[in-house]
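Only heavy atoms go into these numbers, but all of them, side chains included; no hydrogens, no water, no symmetry mates. Just so we're clear, the structure is a prediction, and the values are computed from it rather than from any experiment.
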Amino acid sequence: MPTVVGIRFKKCGKIYDFEVDGLTVKVGDFVVVESSFGLTIGNVAIGEKTIEVADKELKKVIRSVTEEDINAKEGNDLLEQQTREYCLERIAARVLPMKLVYTEVTLDRRRIVFYFTADGRIDFRELVKDLASRFKTRIEMRQIGVRDETKFIGGIGICGREVCCRTFLSNFAPISIRMAKKQDLALNPGKLSGLCGRLMCCLGFEVDDFRAEDAIVIKEDIAIDELIGEEKCGFCINVEGAAVAPQSDGNEVSESTPDTATAASKNRDRRKKQFIRRPSTATAAKETAAAKEASETKAGGSADTTPQEPVKQESPADASKDTPSETKPGEKKNKWRYRKFKAKKKQ
């Protein structure tokens, strides 16, 4: 079983496991390791531990940092500034739609990595040729996102402190607008967005705690609604959910059985049905006649200049034969037919 330590290469960067290979190191020491880029100086973030099976082949810790390694690191810092300035000149000369963020040189100077941001894919083959001909080493271009850019550069957030990704965050967790809605925050993009232009990472810090509090508030609101509804029917309900009947003196309250609560709900439904009134046939006929008269009056007012046709007046007897009279409550709907039949029978 190999013994490994957790090593971090950048501030607030990811932690990778490396095999100790017999060396004695502790948390906080700087060591030289062989990473995928080459020889690199890293900081021990997690102490020694033993693992049973490794997911992939582990690279080894070569040695602890010496004075020569420190001097080489200082020389690499100067080389990084030179490579950055030259790369910016070539980007401007070739008019490439990209933004250079950071440059990194390995300890043995076998590779130079350029980190940049862009909206889409960039054809930087000619740029790589210019850089390789100038520095005579392997050139690698890596495109990163806006969050990684903010992590490299840093800055002050809306809270007045340094951004979280530069201070303690190692990984970027997914953030959605639902987190802001659950916390009842104002959905203002200017207040919810960070320096990177994306939703702030701190929106996800209190979501889990807010869910538990939100569930308690919802239960209390439901209990209050039930309390108001049951009091209208002569019964009240407490927060625990037991239905109780109010007493006349207001001092003692006795619990009621489920049958009583069920009867109260049935009475409430019955009372609701009593307030639902359907329009009668006579009322509907009156409304229809009033609507016709209003439409005729409106049409006559808009066409005053046109000649009006003579209106044929009918006698009350003819009108009674053609149209039924309005029925009052308690009378038969076809009363006019009954009167006609009775008159014929007398004759």
### Message
Show, in sequence, the C-alpha distance, side-chain angles and deciding distance for Asp17 and Lys59, and conclude whether the salt bridge (Lys or Arg N to Asp or Glu O under 4.0 Å) test is met.
### Response
CA-CA 8 Å; Asp17 291 336; Lys59 295 186 178 296; over 6 Å; no
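- Counting heavy-atom neighbours within 6.0 Å of Asp119 CG, excluding the residue itself, gives a total of 12 or less.
- Tyr86 and Leu79 fall within the same hydrophobic cluster, where Ile, Leu, Val, Met, Phe, Trp and Tyr residues are linked whenever their side-chain heavy atoms come under 4.5 Å apart, directly or through other members.
- The minimum heavy-atom distance linking Leu169 with Cys201 is given by the pair CD1-CB, 3.8 Å.
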Identify all side-chain donor-acceptor contacts of residues 5-16 below 3.5 Å with residues at least two apart in sequence or on another chain.
| residue | atom | partner | partner atom | Å |
| --- | --- | --- | --- | --- |
| Arg8 | NE | Gly13 | O | 2.9 |

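- For the atom pair CZ (Phe124) and CD1 (Ile91), the distance works out to 10.5 Å, reported to the nearest 0.5 Å.
- Ion pairing of Asp123 with Arg125 is present here, as a side-chain N (NZ or NE/NH1/NH2) and a carboxylate O approach within less than 4.0 Å.
- Between the SG atom of Cys196 and the NZ atom of Lys151 there is a distance of 12.0 Å, given to the nearest 0.5 Å.
- In this structure, the side chain of Asp108 does not engage the main chain of Gly38 through any donor-acceptor pair within 3.5 Å.
- Across all their heavy atoms, Val32 and Leu107 have their closest contact at CG1-CD2, 4.0 Å.
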For residues 130-141, tabulate all N or O donor-acceptor pairs below 3.5 Å that involve a side-chain atom, not counting sequence neighbours.
| residue | atom | partner | partner atom | Å |
| --- | --- | --- | --- | --- |
| Asp130 | OD1 | Arg94 | NH2 | 3.3 |
| Asp130 | OD2 | Arg90 | NE | 3.3 |
| Asp130 | OD2 | Arg90 | NH2 | 3.4 |
| Asp130 | OD2 | Arg94 | NE | 2.7 |
| Asp130 | OD2 | Arg94 | NH2 | 2.9 |
| Ser133 | OG | Lys129 | O | 3.1 |
| Ser133 | OG | Asp130 | O | 2.8 |
| Lys136 | NZ | Ser133 | O | 3.3 |
| Thr137 | OG1 | Arg109 | O | 3.2 |
| Thr137 | OG1 | Arg110 | O | 3.0 |
| Glu140 | OE1 | Arg111 | NH1 | 3.3 |
| Glu140 | OE2 | Arg142 | NE | 2.9 |
| Glu140 | OE2 | Arg142 | NH2 | 3.4 |

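- For the pair Glu104 (side chain) and Phe114 (backbone), a donor-acceptor distance under 3.5 Å is absent.
- The minimum heavy-atom distance linking Leu23 with Val20 is given by the pair O-CG1, 2.6 Å.
- One finds the CZ atom of Arg161 at 11.0 Å from the SG atom of Cys202 (value rounded to the nearest 0.5 Å).
- For Phe152, the ring-ring contact (aromatic ring centres under 6.0 Å, His included) partners two or more places apart in sequence, or in a different chain, are Tyr102, Tyr115.
- Within a 6.0 Å radius of CD in Glu19, more than 12 heavy atoms belonging to other residues, nucleotides or ligands are found.
- Here the side chain of Asn76 pairs a donor or acceptor atom with the backbone of Ala72 at under 3.5 angstrom.
- Using a 4.0 Å cut-off between a side-chain N of Lys or Arg and a carboxylate O of Asp or Glu, Lys99 and Glu149 qualify as a salt bridge.
- When every heavy atom of Leu199 is checked against every heavy atom of Ile177, the shortest pair comes out as CD1-N, 3.7 Å.
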